[in-house]
Amino acid sequence: MIVLGIESSCDETSASLVQDGEIVLSNVIYSQLIHQQYGGVVPELAARDHLNRVSQVAEEALTKAGVDQGRLDLIAVTNQPGLAGALLVGFSYARGLALSLGKPLVPVNHVAGHIYTAFLSRPDLKLPLVALAVSGGHTSLFYMDRDQKISLLGQTLDDAAGEAFDKSAKMMGLGYPGGPLIERQAAANKIKPVKFPRALLGQDSLDFSFSGLKTAVLNHLQSRGKGDISDEELSSICAGFQEAVFEVLIEKLRRASILTKCNTLMVGGGVAANGALRDKLQSFAEQEKKTMIMPGRELCTDNAAMIACGGYHLYRNSPDKQFEYKVSARAVWPRYQTS
Ligand code: KG4
Ligand code: ZN
């Protein structure tokens, strides 16, 4: 079964062909650069840039995979959550293509897509699974049961971890996106990392909070005064910031694994591309004898292979295979919102 996936929820326009939910035939990702000058994603500019690129990116994905449109079995598209305008561009393109080819259109939740990368990384994956989706828009812990039913265990009460990376990098004048820039700066650290607070939110909580950490970074910068911070010191702030984020992420994974009695864990989303986090996750898994699935870096940040893989599984698991073309895109994800 060959699935074309389309992703346009934020600032990556991506199209991918995935065979049988596990073999990535192509995964074309166009990252919008226009936002760098604004220090964050500008929704209208994102939507316009998706419109300029989406058909070209999809054609490139087909060409790279050597697959003709007529051979597609299914089209999968991100329909939520994300920037409304950006989502609508990819969704409209995918719906038009599906209608013209007479193929089913399967809407895929973007955050669930990050979890489905576990199947791309481990085709022999045995469920259940505890999954941490940690990106610019989300920091959530999920449980995927044997039937691939996903339930929310915990989520951030304020900023997402990637958002804290982006905003802290902006405060330090490092640029956007902040994750890779903070990672690079932290890797050069030679002195004691600055100690920042960890918000564990009580003994049993599986929720997250990163806004306090962001404020702590701001307070630290202000206490040092403008223009006084050396490169060496900046590295120690970045290293301390990363340690504070990663310690919380790993502690919550540990708690979720105990609560669910599940020893297979996965981490997806842009922050999971961080090398220092990957090293810590690996050590944690070895120490605690867990199976830790970490998709390759290109599958961590936004991509359409995860959407194609999700579409394949949703279609296969659907008893009646009835997917409505009239389903639309939406910015929020009501199903997993906690009251
Ligand atoms: O999954 P993603 O591409 O988009 C969303 O769904 O949000 O994640 C983007 C986020 C950004 O906040 C970015 O700064 C962060 O992931 N990120 C990283 C790294 N690469 C990307 N954070 C830490 N270290 C990285 N190497
Ligand atoms: Zn994402």
Side-chain angles (χ1 to χ4, degrees), residues 5-14 16 27 29-33 35-36 39-41 43 46 50 77-83 86-87 90 108-118 131-140 142 155-156 159-172 174-188 208 210 213-214 217 238-239 241-250 266-281 294-307 309-310 331-333:
I6 302 284
E7 155 66 33
S8 72
S9 65
C10 192
D11 56 347
E12 262 88 28
T13 317
S14 180
S16 167
N27 190 20
I29 304 166
Y30 165 73
S31 294
Q32 301 178 349
L33 299 177
H35 310 290
Q36 281 177 354
V41 180
H50 284 305
V77 62
T78 308
N79 77 317
Q80 60 173 339
L83 303 171
L87 283 165
V108 179
N109 181 298
H110 177 86
V111 186
H114 280 300
I115 304 173
Y116 281 108
T117 56
L132 171 65
V134 59
S135 67
H138 307 274
T139 301
S140 309
F142 298 98
Q155 64 186 338
T156 185
D159 290 352
E163 191 181 352
F165 266 92
D166 294 336
K167 289 180 175 165
S168 299
K170 193 172 180 181
M171 292 187 292
M172 289 186 265
L174 292 177
Y176 177 85
L181 298 166
I182 289 187
E183 177 178 10
R184 203 174 314 142
Q185 192 78 35
F208 302 86
F210 294 106
L213 173 59
K214 194 183 61 186
V217 172
C238 289
F241 169 84
Q242 283 201 160
E243 271 183 12
V245 174
F246 298 162
E247 204 176 294
V248 171
L249 296 180
I250 291 175
M266 77 86 55
V267 180
V271 179
N274 185 291
L277 174 60
R278 296 168 83 88
D279 290 347
K280 281 183 193 294
L281 287 166
M294 290 184 283
R297 284 187 171 78
E298 198 173 83
L299 291 176
C300 287
T301 45
D302 286 351
N303 68 87
M306 68 187 199
I307 303 303
C309 177
V332 291
W333 187 12

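Both counts, for ligands and for their atoms, begin at 1 and track the order of listing.
Relative ring orientation between His110 and His138 is described as tilted, the plane-to-plane angle lying within the 30° to 60° band.
For ligand 1, the atoms sitting less than 4.0 Å from at least one non-hydrogen atom of Gly136 are 5 (C), 7 (O), 8 (O), 9 (C), 10 (C), 12 (O), numbered in the order shown with element in parentheses. When each atom of ligand 1 is checked for a heavy atom of Gly162 under 4.0 Å away, the hits are 12 (O). Taking every heavy atom of His110 and a limit of under 4.0 angstrom, the matching atoms of ligand 1 come to 6 (O). When each atom of ligand 1 is checked for a heavy atom of Gly137 under 4.0 Å away, the hits are 7 (O).
Gly179 CA, 3.3 Å is the protein heavy atom nearest to atom 22 (N) of ligand 1.
Heavy-atom distances between Cys10 and ligand 1 stay at or above 4.0 Å for every pair. Under a 4.0 angstrom heavy-atom cut-off, His138 registers as lying outside contact with ligand 1. Note on ligand 1: His114 sits in its first shell, one or more heavy atoms being nearer than 4.0 Å.
Here Asp166 has side-chain heavy atoms under 4.0 Å from ligand 1, and that is the only part of it that gets that close.
Of the N or O atoms in Gly270, one or more lie within a sub-3.5 Å distance of an N or O in ligand 1. Any N or O atom pair closer than 3.5 Å counts here, and Asp302 shares at least one such pair with ligand 1. Below 3.5 Å of separation, one finds no N or O of Gly269 facing any N or O of ligand 1.
Of the options Glu183, Arg278, Lys167, the smallest heavy-atom separation from atom 26 (N) of ligand 1 is shown by Glu183.
One of the N, O or S atoms belonging to His114 lies under 2.8 Å away from the Zn ion (ligand 2).
Between OD1 of Asp302 and NE2 of His110, the angle at the Zn ion (ligand 2) works out to 90°, rounded to 10 degrees.
Just one of Leu281, Thr139, Val267 meets the side-chain contact (heavy atoms from CB on, under 4.5 Å) condition when paired with Leu249; it is Thr139.
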